Chemist: 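Got a structure here, written out as structure tokens. Questions coming.
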Protein chains: 2
Amino acid sequence: METPGISAPSVPAATEQDEHVRTRLLNAAVRVFDRKGYAAASVREVAEMAGVTKPAVYYHFGSKEGLLLAILHQAERQLSHTLEQADLRPGSARERIVALCEDVYALFGQHVPLARVAHAVFLGPPDGAPPFDVTVFEVKFRRSIERMVEAGIASGEFLPVATEDVALGVMAMLELCNERQLHPAFEPVGPGVVRRLISLFFDGVMNAPRG
Amino acid sequence: METPGISAPSVPAATEQDEHVRTRLLNAAVRVFDRKGYAAASVREVAEMAGVTKPAVYYHFGSKEGLLLAILHQAERQLSHTLEQADLRPGSARERIVALCEDVYALFGQHVPLARVAHAVFLGPPDGAPPFDVTVFEVKFRRSIERMVEAGIASGEFLPVATEDVALGVMAMLELCNERQLHPAFEPVGPGVVRRLISLFFDGVMNAPRG
DNA sequence: GTCTATACAATGATAGAC
DNA sequence: GTCTATCATTGTATAGAC
């Protein structure tokens, strides 16, 4: 499937087959941690799936923990990026909140194994994973929603309800959708569920007559 | 703290110190699985915390998996019991739904370590735990809510909205509250959150003027 | 029923050659 | 940077005494 261009040996092509070992190890670790869980996964299996041997893992990441931490930092960067983009979006408060949730939902859907690993660390046993502040994204996300809600209240778009409860309700809807998107035992929910559920929730918040 | 009654040696007192080995092992396993995670927990640690030795575990439960399955069946029985009670409760649809969610929330709060272990198995890696149909309770719970919603629609208490979406929204609120009750990184939410959040959600569903 | 002692496999991690 | 070979530890599970 590759276009065999004129050979340029001084510029090694970055094909998927010839990725850097670091990247191959990260991708393999996500797959193995996702299937076996971090504690039950073995460094040997990760190395084999990446096509290298065990010492390569310890050379690049120092330990099994270092491998997981690299994965988590990668996830954190992607989430923070999505969050920062949403803060700059124009539109009504309601539409901005829905759009942010749809963005996060889409991001999770594009990186299901990575999201599952991060989710497992977030909810997993305290002793099972290395210390990693998993609440930083939750706090950032809640603050973003709360700012949007406050703007909506100030503009008269929302009723003067409890800002914190509205943020929790929105997060609840998004988390439910993500859970059902990530967990293999659930039948997949349609693409419009996020918008539908949050709209259902908002129709008790909007300061406007129904219809 | 025990009342030293007249000695009755033929009836051994069921003090907490003198529980049956089976029960002590179950309680210890919940604590260890909760802290370390099922995969990382060792049978030796469970046995030591129960005050017995390793072979006692294999005598009573056959294997480490059998120990976990006994724990999960115990949790399943408690949840099914709460669900069956809620189906018989009288009152309006809205109040019955809120009461059911408060019951489940209280049940989780009374058995936090057990709930965390069950939650971890539910969301954990597919290869990490033995096969156990964790969706059975989720389906039962959703059907209960859906029946209540349909009754509310039929009686005119609710607007003719999508029953499935309402059930999902209610479950989302309950799950968020339970997550924050179970996860040590979250500051505890107050006792009225379940009712408050679900009420906030319902105020967009009720077929009645606001106020 | 519960113990001591042990079999046996697998793990995370390292040393040192190349 | 990546390999081969190896170490010390820990895991589940069992055999057999009592």
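In what follows, chains are A, B, ... by sequence order, proteins preceding strands, each numbered from 1. Keep in mind that this is a model prediction, so the values were computed, not measured.
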Chemist: Answer with base, sugar-phosphate or nothing: what part of the nucleic acid does B:Ala41 contact at a heavy-atom distance below 4.0 Å?
Modeler: sugar-phosphate

Chemist: Can you check the A:Arg22 CZ to D:dT2 C1' distance for me, whole Å?
Modeler: 16 Å

Chemist: Looking only at heavy atoms, which two atoms of A:Phe158 and A:Arg94 are closest? And how far apart?
Modeler: CZ-N, 3.9 Å

Chemist: Counting N and O atoms only, with roles assigned by atom type, does the side chain of A:His183 sit under 3.5 Å from a partner on the main chain of A:Ala185, one being a donor and the other an acceptor?
Modeler: yes

Chemist: Measure from NZ or CZ of B:Lys54 to the centre of the six-membered ring of B:Tyr59, then state whether that distance is under 6.0 Å and the direction lies within 45° of the axis.
Modeler: no

Chemist: Taking the side chain of B:Pro55 as its heavy atoms from C-beta onward, which of D:dT12, C:dA13, C:dT4 lies nearest to it?
Modeler: C:dT4

Chemist: Are OP1 or OP2 of D:dA13 and a side-chain N or O of B:Tyr58 less than 4.0 angstrom apart?
Modeler: yes

Chemist: In whole angstrom, give the distance that lies between atom CZ of B:Arg44 and atom P of C:dT11.
Modeler: 21 Å

Chemist: Counting any heavy atom closer than 4.0 Å, what does A:Ala39 reach on the DNA or RNA strands: base, sugar-phosphate only, or nothing?
Modeler: nothing

Chemist: Would you indicate which nucleotide in C:dC3, C:dG12, C:dT6 comes nearest to any side-chain atom of B:Ala56?
Modeler: C:dC3

Chemist: Of the nucleotides C:dT2, D:dA13, C:dG12, which has the atom closest to the B:Ser63 side chain?
Modeler: D:dA13

Chemist: If the cut-off is 4.0 Å, is A:Thr53 near the phosphate of D:dT2, judged by side-chain N/O to OP1 or OP2?
Modeler: no

Chemist: Atom NZ of B:Lys64 and atom C1' of D:dT10: how far apart are they, to the nearest Å?
Modeler: 11 Å

Chemist: Calculate the interatomic distance between B:Glu48 atom CD and C:dT4 atom P; express it in whole Å.
Modeler: 11 Å

Chemist: Whole angstroms only, please: what is the CZ-C1' distance between B:Phe61 and C:dG1?
Modeler: 14 Å

Chemist: Please report the distance, rounded to the nearest Å, between CD in A:Glu45 and P in C:dG12.
Modeler: 10 Å

Chemist: Given atom NZ of A:Lys54 and atom P of D:dC7, what is their separation to the nearest angstrom?
Modeler: 13 Å

Chemist: In this structure, how many angstroms lie between the C1' atom of C:dT11 and the OH atom of A:Tyr38, rounded?
Modeler: 13 Å

Chemist: Establish, with yes or no, whether the OP1 or OP2 oxygen of C:dT2 is under 4.0 angstrom from a side-chain nitrogen or oxygen of B:His60.
Modeler: yes

Chemist: Within the 3.5 Å criterion, strictly below it, is a donor on A:Asn178 or A:Gln181 matched to an acceptor on the partner's side chain?
Modeler: yes

Chemist: Hey, do the aromatic rings of B:Phe132 and B:His73 have their centres closer than 6.0 Å?
Modeler: yes

Chemist: Give a yes/no answer on whether the side chain of B:Ser42 brings an N or O atom under 4.0 Å of OP1 or OP2 in D:dT10.
Modeler: no

